[in-house]
Amino acid sequence: QQPVQSPQAVILREGEDAVINCSSSKALYSVHWYRQKHGEAPVFLMILLKGGEQKGHEKISASFNEKKQQSSLYLTASQLSYSGTYFCGTDAYNTGTASKLTFGTGTRLQVTL
Amino acid sequence: ETGVTQSPTHLIKTRGQQVTLRCSSQSGHNTVSWYQQALGQGPQFIFQYYREEENGRGNFPPRFSGLQFPNYSSELNVNALELDDSALYLCASSLTRISGANVLTFGAGSRLTVL
């Protein structure tokens, strides 16, 4: 089942902060966050694993609540370049090979001057 | 290092036809996954190839098939095209490690329109 993201869309002024949430009905092994600009490839932002390991970019942080099966992406001091659609992708299992992600429907973020 | 490249970038087909999409993995990556992204939706997992064999499949019919070659490049084939197959097809490569938590590197996709 597809994870649910909220909000569906958000408009920020440059410098403001935003939080994007991702909620799953399944127990999760990992949560991946991607940003996609129109007509471009999704770009990796962050991966969070069951047990607390994280990998990602410096200016973006995220949390993963394993018990609640939820993850949140925190965007601080937003820049115009942060505009795009953010997707969370979830994987319920550690299969020993690359994750087979189930993506949410996305959160459209627009940063204005 | 080169990223993931896909071809063609755009193509138009008619119902019932067959299509082949191609993907070159990022250098050093040994696993390739294919996703279908309908307009305004998140990507949906089609299947994954590791060591030239299918290693997991999403909820897609058998007319969606694939190949992975010894150089880790890949093809996605779709037979008997339907109107609902119109979408952006994304290829993602990764390096499988023991932990299984791998960053997927996506290509820009092939946009297929079925008329």
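Please read these numbers as outputs of a predicted model, since none were measured by experiment. So that the names make sense, note that chain A is the first sequence line, chain B the second, and so on, each numbered from 1. Values reported hereafter were calculated over all heavy atoms of this structure, with side chains retained and with hydrogens, waters and symmetry mates removed.
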Bottom line for A:Gln5: the part with an atom under 4.5 Å from chain B's heavy atoms is neither
Residues at least two apart in sequence or cross-chain that pass side-chain contact (heavy atoms from CB on, under 4.5 Å) with A:Gln2, listed by chain then number, are A:Thr105
Whatever's closer than 4.5 Å to a heavy atom in chain A on B:Gln41 counts as both
Query raised in the report: Taking the inter-plane angle between the rings of B:Phe47 and B:Tyr49 on a 0 to 90° scale, is it parallel (under 30°), tilted (30 to 60°) or perpendicular (over 60°)?
Result: perpendicular
When the 4.5 angstrom heavy-atom criterion is applied to B:Gln6 and chain A, the contacting part is neither
Contacts satisfying disulfide (SG to SG under 2.5 Å) that involve residues 17-50 of chain A (not counting sequence neighbours) are A:Cys22-A:Cys88
- prompt: Would a hydrophobic clustering, with Ile, Leu, Val, Met, Phe, Trp and Tyr connected at side-chain separations under 4.5 Å, put B:Leu11 with B:Tyr89?
  reply: yes
